[in-house]
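Here the structure is laid out as structure tokens; the discussion comes afterwards.
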Amino acid sequence: MKLLVWSALLPFALGAAEVKEVDVCVYGATPSGLMAAAAAKRAGRTVVVVEPSRWVGGILGAGIKPLEDCPNPAATGGMTKPLLTTLGNSPEIIRASFEQLLKDRGIDVVRELRVGAVEKSGARILSASFDYAPFDALGCPPAVATEVGRLRVKAKVFIDAGYEGDLMARAGVPYRVSRESTQEYGEEAAGVREPVELTPIDPYVKAGDAASGLLPGVTDRFAETVGSADPRIQAYNYRYYVTSDPARRAPLTPPAGYDAKDYELVGRYVEYLKATYADPAELKKRLTRIFPGWMNAGEYNYHRNSLITMAPVGISYLYADGDYAAKAKVWKAHQDYLRGLHHFMSTDARVPADFRQETAALGLDLPRHPDTAGWPGQLYVRLTRRLQGRYVINAADVYNRTQVDDPVALAQYGIDTYPSRRVVVEKDGQTFVGLEGWMFVGGAHGPTRTPYPIPYRALTPTEPAASNLLVSVCFSASFLGYASARMEPTFMMCGEAAGIAADEAIAADVPVQRIDPVAYVQALQAAGMLTRWDESLRPAAAKAEAKNVVQAFFAEADDNHDGKVSRPEWEAHKPGWEWLFPKIDLNSDGQIDAAEYEAFQRYKEAHKDWRELLRR
């Protein structure tokens, strides 16, 4: 029986559509999607990539660096391994690198089209229809498509490589969104968490009057049982660049309808910081955590050690399983919040005058995203839907407590979640505002410092749900399992594994769940995929990690890309560490080069008390 999934919600204009017929249709020109397409193309398959935006590269083309969330490059394989060090370290260069990869491999990308409906016969996807929905001038998606059913793609295998799992959802495949309870998978850190960053500031519209309601930015009162399931998931944010250089600066203007009252919580938090930190340098550090945020590797990110920072909390769950109108609203809310926060921190009298002046001088760094007034074209959507597949990656996998017989790639990272909401906490007769839902278990290297496998079963739905669909980004995992596995290098390797699996399924004319495991392993090995960790790689991992640290430093601080970091660049990126510059600058030429920074890293490794030693 044929059916149109979600056809009642989105008209399936078969008669008006352009039709493409290919072996493999990849939805999403994310790094994972591009690896999937390249793998299928390498195998001789016809491929089309359908991308909702105007850009390729996903979040790697919008701020994150290829090695930024890769603590162990020795645990990577396939096409991903060399690309991590050759794609570049700024978004405009990374996008250009991916465009060149597509050109070199002859891969067709159709842009500004988002999935509208899916046609199935039983468990098999026959075709997908895509609607024309161009992003706006500031890089945000629209609520309503301009044209429904512009393109119809017939394919033998479909790969959902998008960050939202929209193709998967429209195919009627089961998925999950919420945080599981501790009981569901025996994960002791699952579900609702104890609030942190408790700050004694008044959360009410009228100070001291609970009946006046909560201030904007405060989600609710904390009343849940720790460990219980909860629909709210971790925060999203932009990974963005700012500059005060007039030659590069695009203005950050307040959004339409800006109202300072929406930022009253920020003002009260600023007053708390001023009363708590008398040292001007420490106060500035705390204010910078609000805006621009945490400088990660040249770009700014969400700062978890601040009650308030550069992105809203408590609304990401509305995006995760929302329709396109809801997604557009949440995405634009992130942009408007950041614009309004910049204006508030530039103008409100409670902010110290010198910090207001510095903030007002900042704008978006236009060359990073020249066609969207400096705004990244991808919001950092940390997780949305998660496939309910044949294997569910969970905390036991992250802790290396499981054995799997179908690994396709390795993952290694801590259980990394950002706040789910901002809450009121009554404690010891005092009222606090705190953050609920954030943790970083094990740090970047993970709790065991050892990679764990991603099973093929986690990339595949059950056969009755969809027999020719692979999911390389929104794969099957618990909230905590996904919080570790959700890094771009892992997505890239899963994309290549999906592309290889698609070829195997087409060659044998079988559902993706029934490919020959022996032939598949051989194909993965032929592609150079690393599927099991070998402890003999540990020395190479340590060497690669040291190199990674140096590369990340220069990506962050080498503003003029001359291969060296000057004293002004150092001081701009390392506030509070001015004293350290001459210690690293061994030849006293006013520049730190890669060899000098590598020597510094070796010194740190050999001397755990390096701070005390170098300050002498």
request  = With Arg386 as the cation and Tyr175 as the aromatic partner, state whether NZ or CZ is under 6.0 Å from the six-membered ring centre and within 45° of the axis.
outcome  = no
request  = Verify, without hydrogens or angle tests, whether Asp348 (side chain) and Met345 (backbone) share a donor-acceptor contact under 3.5 angstrom.
outcome  = no
request  = Would you confirm whether His342, through its side chain, and Thr359, through its main-chain N or O, come within 3.5 Å as a donor-acceptor pair?
outcome  = yes
task = Please answer whether the main-chain N or O of Val115 pairs with a side-chain N or O of Tyr27 as donor and acceptor at a distance below 3.5 Å.
result = yes
ask   = Would you call Lys261-Asp259 a salt bridge at under 4.0 Å N-O?
value = no
Pair Ser476-Gln388, side-chain donor/acceptor within less than 3.5 Å = no
ask   = Between Tyr413 and Tyr452, is a ring pair (Phe, Tyr, Trp, His ring centres under 6.0 Å) present by the stated rule, with each step listed?
value = CA-CA 9 Å; Tyr413 207 76; Tyr452 60 92; over 10 Å; no
inquiry  = Is it the case that atom CD in Gln430 sees more than 12 heavy atoms from other parts of the structure closer than 6.0 Å?
reply    = yes
ask   = Looking only at heavy atoms, which two atoms of Leu307 and Val433 are closest? And how far apart?
value = CD1-O, 3.6 Å
task = Could you verify whether a donor N or O on one side chain and an acceptor N or O on the other, from Thr417 and Gln234, lie under 3.5 Å apart?
result = no
inquiry  = Salt bridge or not between Glu299 and Lys65? Use side-chain N to carboxylate O under 4.0 Å.
reply    = yes
query = Can Phe135 and Trp331 be said to form a ring pair (Phe, Tyr, Trp, His ring centres under 6.0 Å), step by step?
reply = CA-CA 11 Å; Phe135 280 40; Trp331 192 312; 5.6 Å; yes
inquiry  = Any side-chain to backbone donor/acceptor pair from Glu187 onto Ser181? Under 3.5 Å, distance only.
reply    = no
task = Could you tell me whether Lys285 and Glu282 have a side-chain N and a carboxylate O separated by less than 4.0 Å?
result = yes
ask   = Would you say the side-chain atoms of Thr30 pair up with the backbone N or O of Ala161, donor to acceptor, closer than 3.5 Å?
value = yes
remark   = Note: Glu164 and Cys474 closest approach over all heavy atoms is C-SG, 3.8 Å
query = Step by step, would you call Phe222 with Phe432 a ring pair (Phe, Tyr, Trp, His ring centres under 6.0 Å)?
reply = CA-CA 10 Å; Phe222 183 73; Phe432 298 87; over 10 Å; no
ask   = Atom CE of Met310 and atom CG of Asn237: how far apart are they, to the nearest 0.5 Å?
value = 4.5 Å
request  = Could you tell me whether Arg248 and Asp365 make a salt bridge, using a distance below 4.0 angstrom between a side-chain N and a carboxylate O?
outcome  = yes
Whether Asp202 side chain and Gly208 backbone form a donor-acceptor pair below 3.5 Å = yes
query = Side chains of Asp397 and Tyr391: is there a donor and an acceptor less than 3.5 Å apart?
reply = yes
Six-ring centre of Tyr482, Arg486 cation under 6.0 angstrom, axis tolerance 45° = no
query = Do Arg421 and Glu224 sit within salt-bridge range, that is, some charged N less than 4.0 Å from a carboxylate O?
reply = yes
request  = State plainly whether the residues Asp336 and Lys329 are in salt-bridge range, i.e. N to O under 4.0 Å.
outcome  = no
Heavy-atom pair of closest approach, residues Ile290 and Val266 = CG2-CG1, 4.2 Å
query = Has Arg114 got its NZ or CZ under 6.0 Å from the middle of the six-membered ring of Phe130, at an angle within 45 degrees of the ring axis?
reply = no
task = Looking only at non-hydrogen atoms, find the nearest pair between Pro451 and Asn400 and report the distance.
result = O-ND2, 3.0 Å
key: Salt bridge Glu436-Arg193, side-chain N to carboxylate O under 4.0 Å   = no
ask   = Looking at Glu358 and Lys284, does any basic side-chain N land under 4.0 Å from a carboxylate oxygen?
value = yes
ask   = Is Arg176 salt-bridged to Glu180, going by a charged N under 4.0 Å from an acidic O?
value = yes
ask   = Do side-chain atoms of Ser346 reach the backbone of Gln357 as a donor and acceptor pair under 3.5 angstrom?
value = no
query = Does any N or O in the side chain of Arg249 come within less than 3.5 Å of the main-chain N or O of Ser244, such that one atom is a donor and the other an acceptor?
reply = yes
inquiry  = Closer than 3.5 angstrom, by distance alone: can the side chain of Lys327 be matched with the main-chain N or O of Gly322 as a donor-acceptor pair?
reply    = yes
Exceeds 12 heavy-atom contacts within 6.0 angstrom, atom CD of Glu578 = yes
query = Under 4.0 Å between a Lys/Arg side-chain N and an Asp/Glu carboxylate O for Arg385 and Asp166?
reply = yes
message = What I want to find out is whether Arg422 reaches Glu197 closely enough, with some N-O distance under 4.0 Å, to be called a salt bridge.
response = no
query = Charged N to carboxylate O under 4.0 angstrom, Arg350 versus Glu264?
reply = yes
message = For Tyr380 and Tyr238: C-alpha separation, side-chain torsions, deciding distance, then whether ring pair (Phe, Tyr, Trp, His ring centres under 6.0 Å) applies.
response = CA-CA 6 Å; Tyr380 189 16; Tyr238 280 105; over 10 Å; no
request  = Please test Arg95 against His369 for side chain to side chain donor-acceptor pair (under 3.5 Å), starting from the C-alpha separation and ending with a verdict.
outcome  = CA-CA 10 Å; Arg95 292 194 302 273; His369 305 283; 3.1 Å; yes
ask   = What's the shortest heavy-atom distance between Arg54 and Asp371, and which atoms?
value = NH2-O, 4.3 Å
ask   = Think Arg382 forms a cation-pi with Tyr418, using NZ or CZ under 6.0 Å from the six-ring centre and within 45 degrees of its axis?
value = yes
request  = Locate the shortest heavy-atom distance separating Leu383 from Ile233; write the atom from each residue and the value.
outcome  = O-CD1, 3.6 Å
request  = Report yes if the distance between the aromatic ring centroids of Tyr236 and Tyr319 is under 6.0 Å, otherwise no.
outcome  = yes
inquiry  = Just to verify, what does Arg289 make a salt bridge (charged side-chain N to carboxylate O under 4.0 Å, His left out) with, not counting sequence neighbours?
reply    = none
key: Ser484 (side chain) donor-acceptor with Gly481 (main chain) under 3.5 angstrom   = no
inquiry  = According to side chain to side chain donor-acceptor pair (under 3.5 Å), who are the partners of Asp230, at least two apart in sequence or on a separate chain?
reply    = Arg179, Arg232
message = Could you check whether Arg339 makes a cation-pi contact with Tyr258, meaning its NZ or CZ is under 6.0 Å from the centre of the six-membered ring and within 45° of the ring axis?
response = no
